[in-house]
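Computed from heavy atoms alone, side chains included, the values below leave out hydrogens, waters and symmetry copies.
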There are 2 protein chains.
Amino acid sequence: MTDIKTMIDLDKASSVLKLMGDKTRLSMLKLLQKNECCVCEFVAIFNVSQSSISQHLRKLKDVGLVNENRKGQWIFYSLNRQHEAYEFVQNLLDFIPDQDQKIKELEQQGLRITCE
Amino acid sequence: MTDIKTMIDLDKASSVLKLMGDKTRLSMLKLLQKNECCVCEFVAIFNVSQSSISQHLRKLKDVGLVNENRKGQWIFYSLNRQHEAYEFVQNLLDFIPDQDQKIKELEQQGLRITCE
DNA sequence: TTAACATATAAGCATATGATGATATAGTTA
DNA sequence: TAACTATATCATCATATGCTTATATGTTAA
């Protein structure tokens, strides 16, 4: 637990921030901070199409912020802890309240996620 | 120098991050971290029109991230240290290398800023 | 192999964004 | 007052973004 920051150059920082400036993606990243999630979970949580979720994940994957890991039928996404901006992103996400109530709401509505 | 973070809700965080996801605005904020700057300085530093700079500053002002302070002919902008996301923004900017060489370049080119 | 499910990709569309040039407003100075 | 400088705003445009529907691809299971 050091205080040494891995600096991120302006161009890289702005492209990461741009990605995080979208509410849906920011919320996804916050959820990924604690959980691995598959696409169908995100689809259940956010009120948008599967296609839309897939495209958001594509953008996050394109800059390397997330990893994908196929488990059978499902593809689980996780934060890429090797990314050069990982510390930057973590630090930032720590200012945002956790979004776990989104998962709980699903459970309460009986819309429990199928891919677990 | 405490470690207690002022949490920022997801909506507010994403709107701040969206603003910071633009290279020009991010660079402006980084410069403002150390200096008060007037519009003409930004115009001299970035390769865009005065109109464009003015519009970027407008967006930053609209969410309250910056304050303006007229000094005669000039309007100086500064970070709003009272903003609820100030700590969040500061923390984030601390990951980005300072942009002071931009000011130095201007000086070296004899384009020294007129409004000082 | 076929059906069913999970995910990705393509095409199209409405809206947002960032830039510009022209013009308006405000302060300074002659 | 008029001329000059600094800044803001308006109108416009090209491009980017996020969404949708339709379709393609990949995996599992009958």
Side-chain angles (χ1 to χ4, degrees), chain A residues 10-11 14-29 31-32 36-78 106 111-116, chain B residues 10-11 14-29 31-32 36-78 106 111-116:
Chain A
L10 192 91
D11 281 41
S14 72
S15 63
V16 168
L17 294 174
K18 189 169 195 169
L19 282 179
M20 300 183 80
D22 176 88
K23 215 170 126 179
T24 303
R25 282 191 299 263
L26 185 59
S27 189
M28 289 170 119
L29 289 171
L31 286 164
L32 291 175
E36 281 207 321
C37 300
C38 73
V39 180
C40 61
E41 286 175 302
F42 288 131
V43 172
I45 288 169
F46 299 105
N47 203 25
V48 291
S49 66
Q50 174 266 320
S51 171
S52 183
I53 294 297
S54 191
Q55 290 174 67
H56 282 304
L57 287 166
R58 180 67 141 86
K59 290 184 186 187
L60 294 173
K61 205 180 58 180
D62 281 350
V63 303
L65 282 181
V66 301
N67 290 135
E68 59 177 35
N69 174 24
R70 183 178 278 278
K71 289 181 187 167
Q73 209 166 6
W74 299 286
I75 298 176
F76 281 80
Y77 284 84
S78 55
L106 280 185
L111 298 173
R112 197 192 184 91
I113 289 137
T114 57
C115 47
E116 279 179 1
Chain B
L10 192 91
D11 281 42
S14 73
S15 64
V16 168
L17 294 174
K18 188 169 195 171
L19 282 179
M20 298 182 82
D22 175 88
K23 216 170 124 180
T24 303
R25 282 190 299 262
L26 185 59
S27 190
M28 288 170 119
L29 288 171
L31 286 163
L32 290 177
E36 282 207 320
C37 300
C38 72
V39 180
C40 61
E41 287 176 300
F42 288 131
V43 173
I45 288 169
F46 301 103
N47 203 25
V48 291
S49 64
Q50 175 266 319
S51 170
S52 184
I53 293 297
S54 190
Q55 290 175 71
H56 281 305
L57 288 166
R58 181 68 142 86
K59 290 183 185 187
L60 295 173
K61 205 180 56 178
D62 281 350
V63 303
L65 282 180
V66 301
N67 291 136
E68 58 176 35
N69 175 23
R70 183 178 278 277
K71 289 181 186 165
Q73 208 165 7
W74 299 287
I75 298 177
F76 282 81
Y77 283 85
S78 55
L106 280 186
L111 298 174
R112 196 190 186 95
I113 290 135
T114 57
C115 48
E116 279 180 2

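Side-chain to base pairing of B/Gln55 with D/dA8: no donor and acceptor N or O lie closer than 3.5 Å to each other. Checked by distance alone, B/Ser51 brings no side-chain donor or acceptor within 3.5 Å of a matching partner on the base of D/dT7. No donor-acceptor contact under 3.5 Å links the side chain of A/Ser52 to the base of D/dG18. One donor-acceptor pair, N or O on each side, does fall under 3.5 Å between the base of C/dA8 and the side chain of A/Gln50. For a distance-only test at 3.5 Å, the side chain of B/Ser54 fails to qualify as a donor-acceptor partner of the base of D/dT9. With hydrogens and angles left out, the side chain of B/Gln73 and the base of D/dT5 share a donor-acceptor pair within 3.5 Å.
At D/dA8, one or more side-chain N or O atoms of B/Tyr77 fall inside 4.0 Å of OP1 or OP2 (strictly under the cut-off). An OP1 or OP2 oxygen of D/dT17 is reached within less than 4.0 angstrom by a side-chain nitrogen or oxygen of A/Lys18. For C/dG18, the OP1/OP2 oxygens have a side-chain nitrogen or oxygen of B/Lys59 closer than 4.0 Å. Between A/Arg70 and D/dT27 there is a side-chain polar atom (N or O) within less than 4.0 angstrom of OP1 or OP2. A sub-4.0 Å separation between OP1 or OP2 of D/dT9 and a side-chain N or O of B/Arg58 is present. In terms of phosphate contacts, B/His56 brings no side-chain nitrogen or oxygen within less than 4.0 Å of OP1 or OP2 of C/dT17.
Here C/dT7 presents its P atom at 11 Å from CE of A/Met28, a figure rounded to the nearest Å. Taking atom CG on A/Leu60 and atom C1' on D/dT17, their separation rounds to 14 Å, with Å as the unit. One atom, CZ of B/Phe42, and another, C1' of C/dA19, lie 18 Å apart when rounded to the nearest Å. Residue B/Asn47 contributes atom CG, which lies 11 Å from atom P of C/dA19 at whole-angstrom precision. Regarding A/Ile75, its CD1 atom lies at a distance of 15 Å from the P atom of D/dT25, rounded to whole Å. In this structure, B/Asp62 places its CG atom 15 Å from P of C/dA16, rounding to the nearest Å. Protein atom CG of A/Asp22 is 14 Å distant from nucleotide atom P of C/dA16, rounded to whole Å.
Among all heavy-atom pairs drawn from A/Gln50 and A/Val43, the shortest one is CA-CG2, 3.6 Å. When all heavy atoms are compared, the tightest approach of B/Ile75 to B/Arg70 is CD1-NH2, 3.6 Å.
A/Arg25 places no side-chain N or O within donor-acceptor distance of the main-chain N or O of A/His56, the cut-off being under 3.5 Å.
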Legend entry - Test log, rule side chain to side chain contact (heavy atoms under 4.5 Å, CB included), inputs A/Met28 and A/Thr24: CA-CA 6 Å; A/Met28 289 170 119; A/Thr24 303; 4.2 Å; yes
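Residue A/Trp74 places its side chain closer to C/dT7 than to any other of D/dG18, C/dA19, C/dT7.
The environment of CG in B/Asp62 is crowded: more than 12 heavy-atom neighbours from other residues, nucleotides or ligands sit within 6.0 Å.
Of the two residues near DNA chain D, A/Gly72 and A/Ile53, the one whose nearest nucleotide lies more 5' is A/Ile53.
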